[in-house]
Amino acid sequence: QVHLVESGGGLVQAGGSLRLSCAASRSIFSCNAMGWYRQAPGKQRDLVATITRGGSTNYADSVKGRFTISRDIAKDTVYLQMNSLKPEDTAVYYCNAQISLIDYWGQGTQVTVSS
């Protein structure tokens, strides 16, 4: 069980950058994996990036080379650095933590990219 709180969303112009933060209520080492997902209006929630307990990362093809997931274990925080943002990146971004086979979600933070 973990509570997740995202922050860092906002309005940014195309080509700009944002860094999202996900603060966890417990050690992120207790999670099998953590990640970021996003959901645009009228669409399903899609994977953006994940990081495992061991530090392995995975990215959706649409964000490879632009987004970077990272973590600060001491701060119980996972980050998503978002560069070269595109209007297609506009969505609510959700932090996810997997403990055993259970997924936990934050409340989401809105990212809007204007053209």
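Rounding to the nearest 0.5 Å places CZ of R53 at 7.5 Å from OG of S30. Atom OG of S21 is separated from atom CD of Q81 by 9.5 Å, given to the nearest 0.5 angstrom. Separating the CG atom in L47 from the CG atom in N96 is a distance of 8.5 Å, to the nearest 0.5 Å.
With a 4.5 Å cut-off on side-chain heavy atoms, M34 and C95 count as touching. Between D72 and Y79, the closest side-chain pair of non-hydrogen atoms falls below 4.5 Å. For the pair L80/V48, a side-chain contact is recorded, criterion being any heavy-atom separation below 4.5 Å from C-beta on.
A salt bridge links D89 to R66: one of the charged nitrogens lies within less than 4.0 Å of a carboxylate oxygen.
In this structure a side-chain-to-backbone donor-acceptor pair under 3.5 Å is missing from S100 to I102. R45 contributes no side-chain N or O that, together with a main-chain N or O of V92, makes up a donor-acceptor pair within less than 3.5 Å. Judged purely by atom type and a 3.5 angstrom limit, E6 uses its side chain to pair as donor or acceptor with the backbone of G108.
When the options N58, V78, T57 are evaluated for a side chain to side chain contact (heavy atoms under 4.5 Å, CB included) with T50, the one that passes is N58.
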Margin query: Run Y37 and W105 through ring pair (Phe, Tyr, Trp, His ring centres under 6.0 Å) and show every step you take.
Written below: CA-CA 10 Å; Y37 292 70; W105 299 93; 5.0 Å; yes
Item checked: Steps toward side-chain contact (heavy atoms from CB on, under 4.5 Å) verdict (Q39, D46) -> CA-CA 6 Å; Q39 186 169 21; D46 294 326; over 6 Å; no
Next item on the list: Check the pair K75, I73 against side-chain contact (heavy atoms from CB on, under 4.5 Å), reporting the backbone distance first and the verdict last.
Entry: CA-CA 5 Å; K75 295 182 178 179; I73 296 173; over 6 Å; no
Next item on the list: Take D76 and S27 through the side-chain contact (heavy atoms from CB on, under 4.5 Å) test and state the conclusion after the steps.
Entry: CA-CA 5 Å; D76 294 333; S27 173; 4.1 Å; yes
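L85 and Y94 are not part of a single hydrophobic cluster, where members link through side-chain heavy atoms under 4.5 Å apart. One hydrophobic cluster, built from ILVMFWY side chains closer than 4.5 Å, holds both I51 and Y59. A continuous path of hydrophobic side-chain contacts links W36 to V12 [ILVMFWY only; heavy atoms under 4.5 Å]. With hydrophobic clusters built from ILVMFWY side chains whose heavy atoms lie under 4.5 angstrom apart, I69 shares a cluster with L20.
When all heavy atoms of V113 and T90 are compared, the pair lying nearest together is N-OG1, 2.9 Å. Considering all non-hydrogen atoms of both residues, V111 and G9 come closest at CG2-CA, 4.1 Å. Taking every heavy atom of both residues into account, A97 and V2 meet most closely at CB-CG1, 3.8 Å. The minimum heavy-atom distance between Q1 and I99, with the atom names listed, is N-CD1, 3.5 Å. Pairing each heavy atom of S84 with each of S17, the nearest pair is N-OG, 4.3 Å.
Judged by a 6.0 Å distance limit and a 45° cone about the ring axis, R38 is not positioned over the six-membered ring of Y93.
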